[in-house]
Amino acid sequence: MTRQMIMGNQAIALGALKAGVNLVAGYPGTPSSEIIEFISKYRKQTGTYVEWSVNEKAAVEIAAGASYSGSRTLVTMKQVGLNVASDPVMCLGYVGVEGGMVIVSADDPGPISSQTEQDTRNFAQFSKLPCFDPSTPLEAYEMIQDAFELSEKYHTPVLFRPTTRVDHAYESMEIPELGPCRAPGVFEKDPQRWVIFPRLSFMNHKKIFERNEHILPEEFSKSRWNKTVVQGSGTGTVFVAGGISYCYLMEALESLRSEFPENKILSESMVLKIGTPYPFPYPLAEDVIKKHGEAIVFEELDPVIERNLVYLCGRKNLSCAVHGKIDGTVPEAGELSVETVKNILAKHAGIDLPPSAAYEKPELPVRPPVLCAGCPHRGAFYAVKQAMKGKKTVYCGDIGCYTLGNAKPLDMTDTCLCMGADITMAQGFYHNENDRRCFSFIGDSTFFASGITGVVNAVYNQSRQTVCILDNSTTAMTGHQPHPGTGMTMMGEIVEKISIPKILSAIGVSPIIEVDPFDFEKAVAAVKEASDSDGVSAVIFKSPCIAVASKLGYRFPGAKSVDGEKCIGCRKCINELGCPALSLGLKTNANGKRIVEIDSALCTGCGLCKTVCPVGAIC
């Protein structure tokens, strides 16, 4: 074996492969996306089947079929993907599985790249599924193997909850030698077990209750993932943490103890680490808490551990004051950090920390995220904006790069809720105000994931709206993963591309107009034609993402340039497009106005700015 620096998501992938996982399915979503991509690299070596499913619900159901048969399965998604998957996940909690099934739901404190700060640990309790919460990449590698074992021992799916800083952290670890995956199981028909009926759910609910309320709390109290770390006598304050917060806590304590070795509060304390937040290891926690008069809980997102300790103190009549998010000791939202935890500990220990220049963040220029130079979405948004000038409109956006269409100067996203909601929300706007021109913007990958049912609903319920499909031939925002319209699978197979126009036609959408978003005049004409039509219409703006265009055989025409003698300094190209390749230079024209410059390192030569320029100064 060789030692390498391993990313957290790769550690999770290697742990699942080491556990002999047979089938892996998921839907891309930061911070979880790399897990499947890493597993795919080993598929020929292990024989593991791997796929990007059309959405998270499909992924869970695919894995359920294999797990019913006795094979080990892994499902990956981000935390909001668990919402999409919740229907089968909730039912699987009652039906159970045969082969080990682990569902990775990566939480995103911050949030950094998500709509919500929801906490998978709460969903674990809601769905009655055991939950593991790793603190480091190496721990994630080992922990996920135990998760498979627990899943098979109790015939239940298991939730695995890494957070962004665990997923994307790096740690040195030995790369395991990977052999073939386990021999696939064989499905044994048993309708009394596999067909969910009210009576089955009733009987299994009793077993689940016994498991979660009595058996697993005892078992988890003896688990290596839940432990105490004693400093000195350990009779002072107990500090409790789980996940990445445990690493922050240990680093902050080490720092403060080295700086203030005589401080008794810090030198006589105890740390309780919780690695399995549900079912909660109450016996271990009770044994710790009853010996202490005060506890401070460090955790990200919701006060899950804190509430369990408060419940424990109330139920067992323990006189321990529990501090955390609820009483404001710990920030209630966003990420924690070593500095944040250190300041909380110092305040608790009566230490006045001197201000440190090392912790002062320098002022940085504001750099909001923007669509890339040459992004075809910019052309699509601009065409719709120009075609609908003076009209009463609403522009419903979706989850993807094109959410950035909300930024000025485009200002073309009035709403954004969740994947697929653009199409259905537009229907609500129409039925509420039928004189409003309703538009929805959705990417090609998102259309397959969650847009089709919305289109069916629109046609069936006689909505009038224009669906704008921004087809850039990839799943761009999460790392350019393939989807049903790309003609390639994660197994490396070349397959028939699923046609978006044919799907729309079969549903009854008309007209369906396909246009290049950089062909400005045709794009504007297409939007006007579609918007003037009765019923549900569609404009497919088809042009590849600049990050994959060359792989698809597209050749960029070369960067544009500005003729300084013609440029009048009106800034229309900058003020209407917001392309990062455009800027105001230091040179001036004859009238003393500064001339626009084009960054040749960024410009792809899409030509949209040339279309906008009123004097033909861009060539």
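Atoms considered below: every heavy atom in the structure, side chains included; atoms not considered: hydrogens, waters and symmetry mates.
- Using modelled atom types, one side-chain atom of Lys385 and one backbone atom of Leu410 make a donor-acceptor pair closer than 3.5 Å.
- In this structure, Val495 and Met488 have side chains that are not in contact, with every pair of non-hydrogen atoms separated by 4.5 Å or more.
- Side chains of Tyr382 and Thr611 form no contact here, defined as non-hydrogen atoms less than 4.5 Å apart.
- Side chain to side chain, Thr164 and Asp108 meet the donor-acceptor criterion of an N or O pair below 3.5 Å.
- Checked by atom type and distance alone, the side chain of Gln465 pairs as donor or acceptor with a backbone atom of Ile423 at under 3.5 Å.
- Sequence neighbours left out, not one pair with a member in residues 578-605 passes salt bridge (Lys or Arg N to Asp or Glu O under 4.0 Å).
- Classification of Lys392 and Glu433 as a salt-bridged pair holds, one side-chain N sitting under 4.0 Å from a carboxylate O.
- A donor-acceptor contact closer than 3.5 angstrom is absent between the side chains of Asn589 and Glu565.
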Handout entry: Residues Arg165, Glu335; criterion salt bridge (charged side-chain N to carboxylate O under 4.0 Å, His left out); working and verdict
Key = CA-CA 9 Å; Arg165 300 304 178 186; Glu335 292 186 284; 2.6 Å; yes

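- Here Lys325 does not pair with Glu299 in a salt bridge; the nearest charged N to carboxylate O distance is not below 4.0 Å.
- Salt-bridge formation is not detected for the pair Arg464/Asp532: no Lys NZ or Arg NE/NH1/NH2 atom is positioned less than 4.0 Å from an Asp or Glu carboxylate oxygen.
- Residues Ile503 and Ile498 have side chains in contact (heavy-atom distance under 4.5 Å, counting atoms from C-beta outward).
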Exercise for the section: With ring-ring contact (aromatic ring centres under 6.0 Å, His included) as the test, would you mind laying out the steps for Phe441 and Tyr402 before giving the verdict? Expected result: CA-CA 8 Å; Phe441 294 97; Tyr402 42 90; 8.3 Å; no

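- Looking at Tyr430 and Gln462, their side chains never come closer than 4.5 Å, going by heavy atoms from C-beta outward.
- Using a distance-only test at 3.5 Å, with no hydrogens or angles considered, no donor-acceptor pair links the side chain of Asn432 to the main chain of Gly428.
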Exercise for the section: Tell me, with the steps shown, if Arg161 and Asp119 meet salt bridge (charged side-chain N to carboxylate O under 4.0 Å, His left out). Expected result: CA-CA 9 Å; Arg161 182 248 187 188; Asp119 196 320; 3.5 Å; yes

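- The shortest side-chain heavy-atom distance between Gln481 and Thr474 does not fall under the 4.5 Å cut-off.
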Handout entry: CA sep, side-chain torsions, deciding dist, call: Tyr554, Phe556, ring-ring contact (aromatic ring centres under 6.0 Å, His included)
Key = CA-CA 7 Å; Tyr554 182 82; Phe556 295 113; 5.4 Å; yes

